[in-house]
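The block underneath contains the structure these notes are about, expressed in structure tokens.
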Protein chains: 2
Amino acid sequence: MEYTISKLAKLANVSARTLRYYDEINLLKPARINSSGYRIYGQKEVDRLQQIMFFRELDVELDTIISIMNNPEFDKTRSLQNHLNQLIQKRSLLEKLIETVEKTIASDKGELKMSNEQKFEAFKDNLIQENENKYGEEVREKYGDKTVEESNKKFKNMSQQQYNTMVKLGEDILALLPKAVETGDPASALAQEVASKHKEWLTFTWPSYSKEAHRGLADMYVADKRFKAFYDKATEGGAEFLREAIIIFTNK
Amino acid sequence: MEYTISKLAKLANVSARTLRYYDEINLLKPARINSSGYRIYGQKEVDRLQQIMFFRELDVELDTIISIMNNPEFDKTRSLQNHLNQLIQKRSLLEKLIETVEKTIASDKGELKMSNEQKFEAFKDNLIQENENKYGEEVREKYGDKTVEESNKKFKNMSQQQYNTMVKLGEDILALLPKAVETGDPASALAQEVASKHKEWLTFTWPSYSKEAHRGLADMYVADKRFKAFYDKATEGGAEFLREAIIIFTNK
DNA sequence: GTTGACCTTCTCGTTACGTAAACCTTTATT
DNA sequence: AATAAAGGTTTACGTAACGAGAAGGTCAAC
């Protein structure tokens with residue numbers, strides 16, 4: 001089955017302009033161009049577009065989608081599993097929001113009182129969730145931005161001790177990473193220690209640990225330019241190395 | 001309780017820049033400016049910000065939020081009820097999406113086959129939903145854009161006859177509106193007939209009718225510039241008049 | 001053979017902020 | 001008391017992901 005631009009646009013309910021734009025930025029190229037210069041899409045492109053829509057649904061930036069999908073190691077099934085997890089989390093956050101609206105209505109009727117913090121709780125959760133959807137933006141911010149850290153800590157209700165442990169773990173990782181890179185081997189003891197600490201650190205920030213999520217994050221380390229820049233600043237090639245180490249770690 | 005800009009920003013998990021921007025566009029003004037030119041916010045502003053966040057969560061444009069909230073007839077409780085309905089719909093759409101992802105995984109494993117249409121079904125629903133969230137954009141498009149109409153009809157699985165009835169109703173409304181405006185009275189028989197037809201027409205496009213939703217839409221007719229432009233094109237003051245007529249109609 | 005629906009490229013506009021510069025004020029620490 | 005750090009101000013330019021048009025070529029049908 002072949003599609004002209006507007007046929008495909010209708011099928012997927014996006015605009016033709018969107019498809020032209022995706023062509024322009026090399027996110028989705030037509031299968032071929034016919035003799036009059038028209039874009040012609042085939043089955044492969046239909047499937048790729050669906051994938052793109054899944055990412056878009058999770059508010060992943062187009063730039064990041066390009067990096068992820070053009071990566072030769074991109075694993076469609078793994079990625080879909082990831083999407084599924086995120087959507088399920090999104091649903092539970094939506095439920096929280098619904099609750100907040102219901103409480104707000106009740107509070108307006110004078111049936112109960114809400115603190116100012118409660119009024120925004122659901123939005124905060126959503127924020128973190130969205131950031132995680134952007135493949136780890138939140139995580140990067142935790143490292144890079146003390147202010148964000150502070151506020152996150154507060155509403156995550158961590159004890160000061162837990163929080164200190166988390167911060168220390170983060171620092172350890174940054175300190176060990178250059179040494180591990182020096183070994184040149186992502187399977188080396190040092191590299192695996194970094195990966196292990198990274199897992200520990202993750203459990204502080206994510207509600208539940210899974211190998212899939214950990215690997216998904218590793219992919220993002222390379223895909224997201226800002227995240228990549230952060231780890232590469234610690235040491236050259238840091239992001240790629242960490243990713244490899246994590247993949248080996250999760251396969252043990 | 002008084003808040004400086006960053007205190008409020010932390011409370012609501014938005015950036016200080018966002019609050020300055022909201023000030024600039026007159027969406028949320030500080031309670032006062034202190035002697036050094038600092039913005040100081042109070043309880044009223046906290047509550048207003050929460051309201052704004054609810055709208056934002058539903059992807060309502062800031063311009064529209066301004067119109068809605070600055071309207072002296074703005075009814076907070078009614079608005080919250082509206083939000084609640086939309087969020088509940090959103091949740092059910094999310095469930096559809098989850099289903100689609102699950103099916104896609106199964107289809108990749110070769111356990112089942114999906115048609116190209118099925119691959120995008122959940123996104124289409126989402127699109128319509130999002131449009132409804134933008135307070136009726138979809139509805140306006142149904143009137144204005146035959147192409148969109150066609151595709152909507154198809155995936156909504158309307159019979160041709162149902163579809164014809166809907167289109168005719170829409171045309172009737174547009175034809176009757178100028179005459180109703182001429183009466184000058186939104187409570188006149190003609191105006192109420194328009195409102196009644198409008199309700200009928202709504203039931204074709206909305207999953208369930210409620211007075212609240214109908215009134216919410218009426219508000220939007222005045223708030224959203226594009227929607228307003230559409231009805232005003234039929235006759236001057238058309239949007240406002242229709243809104244009044246609907247409010248009277250829903251209070252009968 | 002012309003009308004209308006589709007296609008093309010090009011360019012400019014939009015929304016809701018992010019980010020940086022240049023500077024002033026408040027708070028904390030030496 | 002002096003100074004550094006944290007937080008406040010305005011101004012101004014940048015950005016993502018298209019939407020909306022202009023100006024023109026192509027194709028099916030009547």
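The sequence lines fix the lettering, A, B, ..., with proteins before strands; numbering per chain opens at 1. Just the heavy atoms: all of them, side chains too, but no hydrogens, waters or symmetry mates, feed the values below.
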- To the nearest Å, how far apart are A:Tyr22 OH and D:dG19 P? 9 Å
- Message: In this structure, how many angstroms lie between the C1' atom of C:dT15 and the CD1 atom of B:Ile66, rounded?
- Response: 12 Å
- Task: Respond yes when some side-chain nitrogen or oxygen of B:Thr4 is under 4.0 Å from OP1 or OP2 of D:dG8, and no when none is.
- Result: yes
- Item | NZ/A:Lys7: more than 12 non-hydrogen atoms of other groups inside 6.0 Å | no
Which atom pairs link the protein and nucleotides 20-27 of chain C when you take only N or O atoms and keep those under 3.5 Å?
from	atom 1	to	atom 2	distance (Å)
C:dT25	O4'	B:Tyr38	OH	3.4
C:dT25	O3'	B:Ser36	OG	3.3
C:dT26	OP1	B:Ser36	OG	2.6

- Item | B:Ser15 side chain near C:dG18 phosphate (N/O to OP1/OP2, under 4.0 Å) | yes
- Please state whether the phosphate of C:dT8, meaning OP1 or OP2, lies under 4.0 angstrom from any side-chain nitrogen or oxygen of A:Arg39. yes
- When the nearest nucleotide of DNA chain C is assigned to B:Ala16 and to A:Gly37 on a heavy-atom basis, which residue is associated with the more 5' position? A:Gly37
- Message: Expressed as a whole number of angstroms, how long is the span from B:Ile65:CD1 to C:dC17:C1'?
- Response: 14 Å
- Message: Are the side chains of A:Glu45 and A:Tyr3 in contact, using a 4.5 Å heavy-atom criterion?
- Response: no
- Protein-nucleotide distance (A:Tyr21, atom OH; C:dC7, atom P), rounded to Å: 21 Å
- Counting only side-chain N and O atoms of A:Arg20, is one of them less than 4.0 Å from OP1 or OP2 of D:dC18? no
- Message: For a quick check of understanding: with a heavy-atom distance under 4.0 Å over all strands, which category does B:Ile25 fall into, base, sugar-phosphate or nothing?
- Response: nothing
- A:Ile52 atom CD1 is separated from D:dA17 atom P, nearest whole Å, by 12 Å
- Query: Pick the nucleotide of DNA chain D nearest each of B:Ser6 and B:Glu24; which residue has the one closer to the 5' end?
  - Reply: B:Ser6
- If every non-hydrogen atom of B:Leu19 is compared with every non-hydrogen atom of B:Ile5, which pair is closest and at what distance? CD1-O, 3.4 Å
- Item | Sidechain-backbone polar pair: A:Arg48 side chain, A:Leu27 backbone, donor-acceptor under 3.5 Å | yes
- Task: Could you state the atom-to-atom distance from CG of A:Asp63 to P of D:dA16 in whole Å?
- Result: 7 Å
- Item | Between CE on residue A:Met53 and CD on residue A:Glu57, distance to nearest 0.5 Å | 8.0 Å
- Task: Return the set of residues passing side-chain contact (heavy atoms from CB on, under 4.5 Å) with B:Asn34 (not counting sequence neighbours), or none when no residue passes.
- Result: B:Arg32, B:Ser36, B:Tyr38, B:Ile40
- Check the distance between D:dT10's C1' and B:Asp23's CG and give it to me in whole angstrom. 12 Å
- Task: Nearest whole angstrom, please: distance from the P of C:dC17 to the CD1 of B:Ile5.
- Result: 13 Å
- Query: Crowded around B:Lys76 NZ? As in, over 12 foreign heavy atoms under 6.0 Å?
  - Reply: yes
